[in-house]
**Q** 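I am attaching a structure below and will ask some questions about it afterwards.
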Amino acid sequence: MNAIAQTLTPIVGDSGIYQGDNLPPIWQERIQKAYGGETLTSTLVCPSTVQQLCQVIECANTNNWRVLPCGNGSKLAWAGVGKPIDLVISTQNLNQVIDHAVGDLTVTAQTGVKLADLQAILLKTNQFLPLEPAYPEAATLGGIISTADSGSWRQRYGGVRDMLLGVSFVRSDGQLAKAGGRVVKNVAGYDLMKLLTGAYGTLGILTEVTFRLYPVQEASGTLVLTGDADAIASTTKTLLASALTPTAADLLSSELVKQLGIGQGMGLMVRFQSVTESVQEQSSRLLEVGQQLGLQGTLYQDNDEAHLWQSLPEQIWEMPQSTAITCKIGVVPTAAVMTLTVLDTLTSGTGLGLIHVGSGLGKLRLKPETVKPETILKMREHCQSHSGFLTVLEAPISLKQQLDVWGYSGNALDIMRQIKQKFDPKTILSPNRFVGDI
């Protein structure tokens, strides 16, 4: 037993610490994917209570241990490589749903709760949390917040920040802090929820969160239009200017359309969820617009629709152990179709791309055997020229070491570094994994 494990065993017990040969293979793979073999830590700790977590962080702060916080570890490979770490802290055992206020449409839960498990509980009361992150069966609430990972439903419901009402988190010195509350109308204090969302565990470790919920709609239908890129662009422009109210609207690259087996050419995938009559009427209106422009249209409902929306993220998000390159991008919405056309050109038609119509945010999946760092940089240059960005989430370590995975070109680095200094003066949380080596 190493020195770190000896120090932490009295706090979390033998069952809460894994090291050496006892480190589960899945965790070995995920940590190695994030850091590479040379910096592989041998210690994983899984506190079972918030008090234990506070004590573990206090020990880490006292001993200057570099810590990698995570939930279930499915997104450990995201972000920069960073400095070698001493300890991985997982919140997977903090997995209790604390309060589901059905009448108030809110839920409070610990951050180790898996989204799939929470959705099953909420569905019993005909409610749901409109998030569609990567690896939904494994993703925890804490990991989803830390990576700001939402999905196609952001067209109607917004991103992770828009659904958060309150959080509790452990600071780098081991003290527990809170922000927000458990009700929708809460304006007290600083809006730390937005600051912690997408911070990749660099400012603190989330322990408890409160989300706003939404009722499950009576009916659902998804219209898929495929064909010429210009016609897709015109239909998308008409959709955005109309009174139609889709809950999801995504542009799909031609290769993604091909892989899904839903047509040829570029695709527009629009989901309507409301009462049955509204779904039928809105779908018919958009289908008519697309057909007038020469697009092929198909309406998916019931099991076919469920299978389609299950297949879409599976195409973008392979298993975390794969070698695929996945990127998060953003452009102004008006440049979305052009961006997918550029993707086809730069990758010779092998890249998969999805962009949310309303926000211009999206994901790319590239094949490392056909994509060089120069290709990624050209794609980033295009995104930046249209007021956007490209961040490399997952990629082989060797490729991440050849480029800046974040590619940040804004003017807020000094402010971000000052915030990091205030929250984590010893830089023990996720060191050098964030923007600007923060």
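By convention here, the first residue in the shown sequence is residue 1.
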**Q** For Arg380 and Val405, work out which heavy atoms get closest and say how close.
**A** NH2-O, 3.0 Å
**Q** Are side-chain heavy atoms of Thr9 and Asp14 found at a separation under 4.5 Å?
**A** yes
**Q** Would you find more than 12 non-hydrogen atoms of other residues, nucleotides or ligands less than 6.0 Å from Gln51 atom CD?
**A** no
**Q** Ser90 side chain to Gly71 main-chain N or O, any donor-acceptor pair under 3.5 Å?
**A** yes
**Q** Scan side-chain atoms only and decide if Arg271 and Ser220 contain a donor-acceptor pair under the 3.5 Å cut-off.
**A** yes
**Q** Looking only at side-chain N and O atoms, does Ser274 offer a donor or acceptor that is under 3.5 Å from a partner on Gln217?
**A** no
**Q** Looking at Gln264, I want to see if its CD is surrounded by more than 12 non-hydrogen atoms of other residues, nucleotides or ligands under 6.0 Å.
**A** no
**Q** Could you check whether any side-chain heavy atom of Leu76 comes within less than 4.5 Å of a side-chain heavy atom of Lys33, counting everything from C-beta outward?
**A** no
**Q** Looking at every heavy atom in both Gly158 and Met163, which two are closest together, and how far apart are they?
**A** O-CE, 3.4 Å
**Q** Given side chains that start at C-beta, do those of Tyr35 and Arg433 come closer than 4.5 Å, heavy atoms only?
**A** yes
**Q** Looking at Lys420 and Thr202, what are the two nearest heavy atoms and their distance?
**A** NZ-O, 2.7 Å
**Q** Measure the CD1-CG distance between Ile57 and Leu87 for me, rounded to the nearest 0.5 Å.
**A** 7.5 Å
**Q** Please walk me through it: do Gln273 and Trp153 pass side-chain contact (heavy atoms from CB on, under 4.5 Å)?
**A** CA-CA 11 Å; Gln273 293 173 296; Trp153 266 322; 3.1 Å; yes
**Q** Taking the six-membered ring for Trp and the full ring for Phe, Tyr or His, determine whether the centres of Trp406 and Phe434 are under 6.0 Å apart.
**A** yes
**Q** So, for Pro69 and Leu429, which heavy atoms are closest and what is the spacing to 0.1 Å?
**A** CG-CD2, 4.3 Å
**Q** Looking only at non-hydrogen atoms, find the nearest pair between Thr197 and Ala148 and report the distance.
**A** CG2-CB, 3.9 Å
**Q** For Asp344 and Ser254, test the side chains for any donor-to-acceptor distance below 3.5 angstrom and give the result as yes or no.
**A** yes
**Q** Looking only at atom types and distance, does a side-chain atom of Gln110 sit under 3.5 Å from a main-chain N or O of Asn95, one as donor and one as acceptor?
**A** yes
**Q** Does either side chain, that of Thr326 or that of Trp317, offer a donor lying less than 3.5 Å from an acceptor on the other one?
**A** no
**Q** For the residue pair Tyr157 and Tyr214, is the inter-centroid distance of their aromatic rings smaller than 6.0 Å?
**A** yes
**Q** Using the six-membered ring wherever Trp is involved, compare the ring planes of Trp78 and Tyr200 and label them parallel, tilted or perpendicular (cut-offs 30° and 60°).
**A** tilted
**Q** Can you tell me how far apart NZ (Lys400) and CD1 (Ile325) are? Round to the nearest 0.5 Å.
**A** 10.5 Å
**Q** Does the side chain of Glu255 pick up a donor-acceptor pair with the side chain of Gln259 at under 3.5 Å?
**A** yes
**Q** Among Val50, Leu53, Leu192, Leu203, which residue satisfies the side chain to side chain contact (heavy atoms under 4.5 Å, CB included) criterion with Phe169?
**A** Leu192
**Q** Kindly give the heavy-atom pair with the smallest separation between Thr226 and Gly263, and that separation in Å.
**A** OG1-CA, 4.0 Å
**Q** Mind checking whether Val160 and Leu131 have side chains closer than 4.5 Å, heavy atoms only?
**A** yes
**Q** Atom CD of residue position Gln296 - does it have more than 12 heavy atoms of other residues, nucleotides or ligands inside 6.0 Å?
**A** no
**Q** Is there a donor in the side chain of Asn72 and an acceptor in the side chain of Thr140, or the other way round, less than 3.5 Å apart?
**A** no
**Q** Can you see whether Gln32 engages Trp27 through a side-chain donor-acceptor pair at a distance of less than 3.5 angstrom?
**A** no
**Q** Taking atom types as modelled and ignoring hydrogens, do the side chains of Thr43 and Gln19 form a donor-acceptor contact shorter than 3.5 angstrom?
**A** no
**Q** Do Arg212 side-chain atoms and Asp162 backbone N/O form a donor-acceptor pair below 3.5 Å?
**A** yes
**Q** Apply the test salt bridge (Lys or Arg N to Asp or Glu O under 4.0 Å) to residues Glu132 and Arg154: give CA-CA distance (whole Å), side-chain angles for both, the deciding distance (0.1 Å), then the verdict.
**A** CA-CA 9 Å; Glu132 297 172 297; Arg154 68 179 303 128; over 6 Å; no
**Q** Among Glu288, Gln282, Glu281, which one satisfies side-chain hydrogen bond (donor to acceptor under 3.5 Å, both in side chains) with Arg285?
**A** Glu281
**Q** What residue among Thr391, Ile329, Val332 forms side chain to side chain contact (heavy atoms under 4.5 Å, CB included) with Cys383?
**A** Ile329
**Q** Any chance NZ of Lys258 has more than 12 other-residue heavy atoms, nucleotides or ligands included, within less than 6.0 Å?
**A** no
**Q** Using the rule side chain to side chain contact (heavy atoms under 4.5 Å, CB included), only one of Thr339, Leu256, Leu268 pairs with Leu251; which is it?
**A** Leu268
